[in-house]
Amino acid sequence: MDQQTDVSWKEDQVIIQLHNSVENAEEAVRQARTNPVEERIKEALEKIEKAERSCTNAMQARGDSKPVQELQDRLNKNKDALNQLH
C-alpha cells in the first residue's frame with residue numbers, strides 16, 4: 001500500500017471510530033434519560049468522555065472538517081441533554 005492510501009485509510013478509520021463513539025454516547029444518554037438512575041448516568045458520562053477523546057483524535061487527524069464538526073455537534077447536544085438530568 002502506498003503512503004497516500006495508508007494515510008487516507010487511517011483518516012477514514014478515525015472518522016468511523018468517532019461516529020461509533022458518538023452513537024454509543026447517544027444510546028447511553030437515551031437510556032439515562034429513560035431510566036435516570038446513577039448507574040445509567042455514570043455510563044453515559046463515560047461514553048461521552050470516550051467520544052470526546054475520539055473527537056480530539058479526529059481533529060488531530062482530519063482537522064476541523066465537516067464530518068468531524070457534525071459529529072462534535074451531535075455529541076454536544078447529547079452532553080446538554082445529559083446535563084439536564086443532574
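Bear in mind that the values here come from a model prediction, so they are computed numbers and not experimental data.
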> Stepwise, does the side-chain hydrogen bond (donor to acceptor under 3.5 Å, both in side chains) test hold for D73 with Q69?
Replying inline: CA-CA 6 Å; D73 290 345; Q69 188 60 46; 3.1 Å; yes
> Which residues satisfy the salt bridge (Lys or Arg N to Asp or Glu O under 4.0 Å) test with R62, sequence neighbours excluded?
Replying inline: D12
> How long is the gap from CD on E46 to CG on N24, to the nearest 0.5 Å?
Replying inline: 12.5 Å
> Can a salt bridge be assigned to the pair E27 and R30 using a cut-off of 4.0 Å between side-chain N and carboxylate O?
Replying inline: yes
> How many angstroms lie between atom CG of L82 and atom CG of N78, to the nearest 0.5 angstrom?
Replying inline: 8.5 Å
> Closest approach of P36 and I41, non-hydrogen atoms and distance?
Replying inline: O-CD1, 3.9 Å
> Between CZ of R40 and OG1 of T34, what distance do you get to the nearest 0.5 Å?
Replying inline: 9.0 Å
> Could you go step by step and tell me if L75 and L18 meet the side chain to side chain contact (heavy atoms under 4.5 Å, CB included) rule?
Replying inline: CA-CA 10 Å; L75 180 59; L18 174 57; 5.7 Å; no
> How long is the span from the CD1 atom in I15 to the CG atom in N20, to the nearest 0.5 Å?
Replying inline: 11.5 Å
> Are I16 and M59 in one and the same hydrophobic cluster, where Ile, Leu, Val, Met, Phe, Trp and Tyr link if side-chain heavy atoms are under 4.5 Å apart?
Replying inline: no
> Is it the case that Q13 and Q17 place a side-chain donor and acceptor less than 3.5 Å from each other?
Replying inline: no
> Given K50 and R53, is the side chain to side chain contact (heavy atoms under 4.5 Å, CB included) satisfied, shown in steps?
Replying inline: CA-CA 5 Å; K50 182 176 181 181; R53 287 190 301 272; 3.7 Å; yes
>> Before you tell me yes or no, could you show the steps for E70 and H19 under side chain to side chain contact (heavy atoms under 4.5 Å, CB included), namely the whole-Å CA-CA distance, both residues' side-chain angles and the distance that decides it to 0.1 Å?
In response: CA-CA 10 Å; E70 288 173 353; H19 183 268; over 6 Å; no
> Which pair of heavy atoms, one from L71 and one from V22, lies closest together, and at what distance?
Replying inline: O-CG2, 3.8 Å
> What pair of heavy atoms forms the shortest contact from V68 to A58, and how long is it?
Replying inline: CG2-CB, 3.9 Å
>> Let me confirm one number: the CD1-NZ distance from I48 to K79, rounded to the nearest 0.5 Å.
In response: 7.5 Å
> Going through the checks in order, is the side chain to side chain contact (heavy atoms under 4.5 Å, CB included) test met by E23 and R74?
Replying inline: CA-CA 9 Å; E23 284 192 348; R74 283 174 53 187; 3.6 Å; yes
> Quick one: do the Q84 and D80 side chains pair a donor with an acceptor below 3.5 Å?
Replying inline: no
> Could you state the interatomic distance from CD (Q72) to OG (S65), rounded to the nearest 0.5 Å?
Replying inline: 10.5 Å
